[in-house]
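Encoded as structure tokens, the structure appears first; notes follow it.
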Amino acid sequence: MSDRHETPRPTAGAGGADDDEPTTRLRRELPQEIPVTAAGGPGTAAPDEKNRLTGRERLAQGLWPPRFTRAQLIVAVLLFGLGFGLAVQVASNNDDSALRGARQEDLVRILDELDDRTQRLEEEKQGLEDQRTELENSSDQAEEARKQTVEKERQLGVLAGTVAAQGPGITLTINDTKGTVEADMLLDTIQELRAAGAEAIQVNGVRVVASTYLTDSGKGISVDGNKITQPFRFKVIGNPQDLEPALNIPGGVVQTLEKEQATVTVERADKIVVDALRAAKRPDYARSSSQ
């Protein structure tokens, strides 16, 4: 027998348990590992596809289909109504742009003209009321009615052009050396004078009445079939303080004719004679309602 003693080897179980104890305790403290799914598997398809969407596509998915609440619909209707009202207001304000650029003295003159027209209508109304009162209170109503009938016949004769007339008014002269004045411009002049209270009008020896018409005729203009040439001279009976300002308003007759390179002069007079006459014409269809 040999006297050599072998050192006993430590068993694997005893030594391994001491070495593995820290590792085991660390594993217990860490959370359990989650296995990673392979790329391209069914668990990662949706996130990858979502990540591949652009910002515009994500915005489109968020906006469509639209999701409105009741409050949002009410606010939208109110905003639409407000915008429509503002549009109507702007459109109505644009209609007054013609006078917005006028000078202060022009606006004052237009207001004075409107006041004069109102006063004239009030005077006519008062005159009619006075006539009615006289008829009601007159002891000889038949005689009073006859006098008023004669006076009314004279007034109607002036308007119809069957009798001559005289009174205060203006003389309007239009020199058209370029030949640019047309019939519609003279018609606008007549309409403006009538609106300002003209009671009798004569143009180059032709009496203007309710049925008067103007047409272009070669190098001149025809009034009721009578050819007239420049200078065009209007004799107008009426209140000069109403007639002249009506022609000189901004954008009115005078400015329109001057844009056509015509020369316009307006002269006031205390006595204007309108002596051109029109033959009385019996209406073809209209009859007096008293017959």
Results of salt bridge (Lys or Arg N to Asp or Glu O under 4.0 Å) for Glu192 - residues two or more places apart only:
none
Could you list who else is in Leu277's hydrophobic cluster, with ILVMFWY side chains joined at under 4.5 Å, directly or through other members?
none
Excluding Ile272, membership of its hydrophobic cluster (Ile, Leu, Val, Met, Phe, Trp, Tyr; side-chain heavy atoms within less than 4.5 Å) reads Ile237, Val274
With sequence neighbours left out, write down each residue that passes side chain to side chain donor-acceptor pair (under 3.5 Å) with Arg194, or none if nothing qualifies.
none
Side chain to side chain donor-acceptor pair (under 3.5 Å) partners of Gln126, counting only residues at least two apart
Asp130
Yes or no on side-chain contact (heavy atoms from CB on, under 4.5 Å) for Phe232 and Thr189, after CA distance, side-chain angles and deciding distance?
CA-CA 11 Å; Phe232 307 109; Thr189 303; over 6 Å; no
Once you round to the nearest 0.5 Å, how far does CD1 of Ile174 lie from OG1 of Thr263?
10.5 Å
Near Lys227 NZ, under 6.0 Å, is it more than 12 heavy atoms from other residues, nucleotides or ligands?
yes
Are there more than 12 heavy atoms of other residues, nucleotides or ligands under 6.0 Å from atom CD of Gln241?
no
CG of Leu247 to CD1 of Ile170, rounded to nearest 0.5 Å, is 5.0 Å
Within a reach of under 6.0 Å around CG of Asp115, are more than 12 heavy atoms found that belong to other residues, nucleotides or ligands?
yes
By salt bridge (Lys or Arg N to Asp or Glu O under 4.0 Å), which residues pair with Arg233, not counting sequence neighbours?
none
Sequence neighbours excluded and cut-off under 3.5 Å, please list the side-chain donor-acceptor pairs for residues 208-215, or say none.
from	atom 1	to	atom 2	distance (Å)
Thr212	OG1	Val209	N	2.7
Thr212	OG1	Val209	O	3.1
Thr212	OG1	Asp224	OD2	3.2

Just how far is it from atom CG of Leu86 to atom CG of Leu82, taken to the nearest 0.5 Å?
4.5 Å
Applying side chain to side chain donor-acceptor pair (under 3.5 Å) to Arg207 and not counting sequence neighbours gives none
dist Asp116:CG -> Asn239:CG (nearest 0.5 Å) comes out at 6.5 Å
Does any part of the side chain of Ile228, heavy atoms only, come nearer than 4.5 Å to the side chain of Val203, both counted from C-beta?
yes
Hydrophobic cluster (4.5 angstrom, side-chain heavy atoms) - remaining members for Val75
Leu79
Gly169 and Pro240: which non-hydrogen atoms are nearest, and at how many Å?
O-CG, 3.6 Å
Would a single hydrophobic cluster contain both Val236 and Val273, if residues Ile, Leu, Val, Met, Phe, Trp and Tyr are joined by side-chain heavy-atom contacts under 4.5 Å?
no
Same cluster (ILVMFWY, side-chain, under 4.5 Å), Val254 and Leu186:
yes
With sequence neighbours left out, write down each residue that passes salt bridge (Lys or Arg N to Asp or Glu O under 4.0 Å) with Asp242, or none if nothing qualifies.
Arg120
So Gln230 and Asn175, side-chain contact (heavy atoms from CB on, under 4.5 Å) or not? Walk me through it.
CA-CA 6 Å; Gln230 70 93 23; Asn175 290 294; 4.1 Å; yes
Shortest non-hydrogen contact from Glu113 toward Ala196:
OE2-CB, 4.3 Å
Anything under 3.5 Å between a donor and an acceptor, one on a side chain of residues 150-166, the other on a protein residue two or more places apart or in another chain? List them.
from	atom 1	to	atom 2	distance (Å)
Thr162	OG1	Gly157	O	3.3

Among residues at least two apart in sequence or on other chains, which ones pass side chain to side chain donor-acceptor pair (under 3.5 Å) with Arg268?
Glu244
Asp176 side chain to Val181 main-chain N or O, any donor-acceptor pair under 3.5 Å?
yes
Value rounded to 0.5 Å, distance of CD in Glu267 from OG1 in Thr173:
6.0 Å
Checking the side chain of Asp188 only, and the main-chain atoms of Val253 only, is there a donor and an acceptor separated by less than 3.5 Å?
no
